[in-house]
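Some notes on the structure that comes next.
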Amino acid sequence: MIARRSRWTRARVWRRRSVRALWPGTLGAKLVLILTVIGLLGAVALVAVLASVIVPSFDALEQRAVAAEVDRMHAALDTIARSVEQNARDYVDGSAGTPIAAGASRALKVKTVDGIAQVAPLDGVEALRWRKSAGVRGERDFATLLTHLPLERIAAGQHPAHFYTRLGGGIVAIGVARVYPSPGGTSGSRRYVVMARRLSAKMLSDAAQQPARIDLTQTPSTTVVRSSPASLRIAVPIAAVDGRVLGSVTVTVRRDLAVLGQRVLLLAVAGSIILLLIVLLVLSRMMTTLVLRPLARVERHMQTVPQTGSLELLRDVPRNDEIGSLAASFNAMLCQLQDLRGQLELQNFALGRSDSATAILHNVRNALTPVSTIVSRDLQQPPPVDRDMIDRAIAELAQDDLEPARRAKLAAFTGAAVAAVAKDRAERQAALLVAREAMAQVLEIIGQQHQAAQERPELSPCDVTDIVARNATIARYSGTVSIAFSFPAQRCDVIASRILLSQVIGNLFANAADAIAARGTGSGSIGVTIERVGDTAWIAIRDDGEGIERGAASSLFQRGYSTRAHKVGGLGLHWCANAMRAMQGTLRLDSAGPGQGAVATLTLRLAPTGAGGT
């Protein structure tokens, strides 16, 4: 059993490796292969659809044509037999009951019939004429035939007055007409005039307006159709008065409809396949132009960045699709890397070894708090769906004898489970993105502390709105309470150190979040407003937390002072005030009292017009 399983395992591994070897590695080759497979499947499906529509239609038309030819042959046979009967009736009407005389000779001369006779059932054949060109043997056969004809039943209407029968080595059409006695004459016995006409292929061809051939050896009971690629051979039986088959009339018809159907099918298939190939070529060209080439440009630029170390942005025509979004995200990543590189290169400011060490620990703690919250929440949060239940549902769905109702329920459960897992994964990914932002903040703080101890920070124009937005995203995960943020969307460039200003605002957001959590309501809000007063920007950060005592505002910026009972002391506001002074700004904290919230106001110089910030 173990050896068998190992063979099966090796076979599966070999199949997987074969599939991987055949599956192309590049995206362009994959798209070409997929389009080729789709084209082949589409061509096969198209041929099947066209064949299922065109071929039966032309087959039905051909069957109708065959039925029309059969009806034409039957009509020709009936026309010939009826003409013989009509000749007999015309002869009886013209002779007015006299015996066969000159009228018979005239009928034989014009070749409308081959033989004519007057027969009395009681007396036998009274008179008989046979056309000499029809042969002497035919006259004897005709006389013998007259003795066996059921004239009384024909006259009584039990048999038609015209029919076909065998005469010698051929088939003749027989027509019977009753001779009525003339007025004033004696009634005597009944008499009948019988006419016969040999059936020939020319006669049938003229009557049917179609080349025909008489076959005495083939006696089918029903119509027989034999087909060849170019023609149809139709054999129509010739029946006697008693139902016996005397022979058949064979007519050959060209299969124009079938040939036309094949040509139409070939043209439709060829045109459809050509159209499908054109569509696939256009799609391949569009994919190359719209997808593959832009992706190749992005890939080449991404390869250039680590090779040259240049963080130059990707210059391309703006697009409102996924490729444009990818390029924008890539440029945003390059901007962030450029900012991080600039932050790591800033080494011109420090407040002293002791203050710097304590401040970095304080800022790192604030920045790592969201990471700890996200990791703790993810560790404690159970999976949305039990994996064992999903495995059992999938295994049960694989059973062939599963009831439809049960299968529908399991399919619905599996779909809901997949959706729940996807939603949980999206939420975790969003939280991890925030954690990454927090870690980037930590890296910025650590990199800034490598600056020289007594150097002043390098000041440059920076967008304070963007700094507020980034820190607000991180602060949402800094505690267990739900915090709503509001801040302006317009850009505001100020003169400051982007790294230090980001740490100051992050510290203020962390203190505001702690104040909201200390109030005990479980939720709160933080609002940021930016006002331009002359050449100065006023950034106000308002929270609805627990607030502070009115007389404690002057003590908040002292080193080691903290309003939290569970904390020994801290350098948060102390470091923030020093950092703001180093950036030629100020920091003030106001509160209306306990339970009334607090307002932290930052003042910084506005950047000159036209000096774009980072």
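For clarity, every value in this text was computed on a predicted model and none was experimentally measured. The first residue of the sequence shown is numbered 1, and numbering continues consecutively from there.
Pairs passing the side chain to side chain donor-acceptor pair (under 3.5 Å) check and including a residue from residues 594-605, sequence neighbours excluded, read Gln584-Arg605, Thr586-Thr603.
When side chains are defined from C-beta on, Phe485 counts as touching Ile483, because their heavy atoms get closer than 4.5 Å. Residues Arg532 and Cys492 have side chains in contact (heavy-atom distance under 4.5 Å, counting atoms from C-beta outward). Taking the side chain as every heavy atom from C-beta outward, Leu602 and Arg588 never approach each other to under 4.5 Å. Two residues are said to be in side-chain contact when any heavy atoms from C-beta on lie closer than 4.5 Å; Val528 and Ile505 fail this criterion. Ser502 places a side-chain heavy atom less than 4.5 Å from the side chain of Asn471. With a 4.5 Å cut-off on side-chain heavy atoms, Gln490 and Thr465 do not count as touching. Using a 4.5 Å heavy-atom cutoff, the side chains of Arg519 and Asp544 are in contact. Within the 4.5 Å cutoff, no side-chain heavy atoms of Val494 are placed close to those of Thr536.
Under the 3.5 Å distance criterion, the side-chain polar atoms of Ser591 are matched with a main-chain donor or acceptor of Ile548. Side-chain atoms of Asp493 do not come within 3.5 Å of backbone N or O of Ala607 as any donor-acceptor pair.
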- Task: Start with the C-alpha gap between Leu508 and Leu589, add the side-chain angles, then the distance that decides, and say whether side-chain contact (heavy atoms from CB on, under 4.5 Å) holds.
- Result: CA-CA 10 Å; Leu508 294 177; Leu589 189 63; 5.7 Å; no
- Task: Using the side-chain contact (heavy atoms from CB on, under 4.5 Å) rule, take Leu334 and His301 through it: C-alpha gap first, then chi angles, then the decisive distance, then the call.
- Result: CA-CA 11 Å; Leu334 291 179; His301 194 79; 4.0 Å; yes
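Between Phe509 atom CZ and Ile541 atom CD1 the span is 4.5 Å, to the nearest 0.5 Å. Atom-to-atom distance recorded for Ile530:CD1 and Leu606:CG is 10.0 Å, nearest 0.5 angstrom. One distance of note links CD of Gln503 with CD1 of Ile499; it measures 7.5 Å at 0.5 Å rounding. For the atom pair CD (Gln336) and CG (Asn331), the distance works out to 13.0 Å, reported to the nearest 0.5 Å. Summarising the geometry, atom CG belonging to Asn511 is positioned 11.5 Å from atom CD1 belonging to Ile516; distances are rounded to the nearest 0.5 Å. Interatomic distance, CD1 of Ile38 versus CG of Leu283, reported as 9.0 Å (0.5 Å rounding).
In the model, Arg542 has a side-chain atom that pairs as donor or acceptor with a side-chain atom of Thr529 under 3.5 Å. A donor-acceptor pair shorter than 3.5 Å cannot be found between the side chains of Ser525 and Asp543.
Applying the side-chain contact (heavy atoms from CB on, under 4.5 Å) criterion to Val298, with sequence neighbours excluded, gives Met302, Leu314. With sequence neighbours excluded, the residues forming a side-chain contact (heavy atoms from CB on, under 4.5 Å) with Ser329 are Ser325, listed by chain and number.
Taking each heavy atom of Ala577 and Leu587 in turn, the nearest pair found is N-CD2, 3.9 Å. Nearest heavy atom pair, residue Leu459 against residue Ser497, reads CD2-N, 3.6 Å. Shown here for Ala513 and Ile526, the closest heavy-atom pair between the two residues is N-CD1, 4.4 Å.
When the shell of 6.0 Å around CD of Glu403 is examined, it contains 12 or fewer heavy atoms from other residues, nucleotides or ligands.
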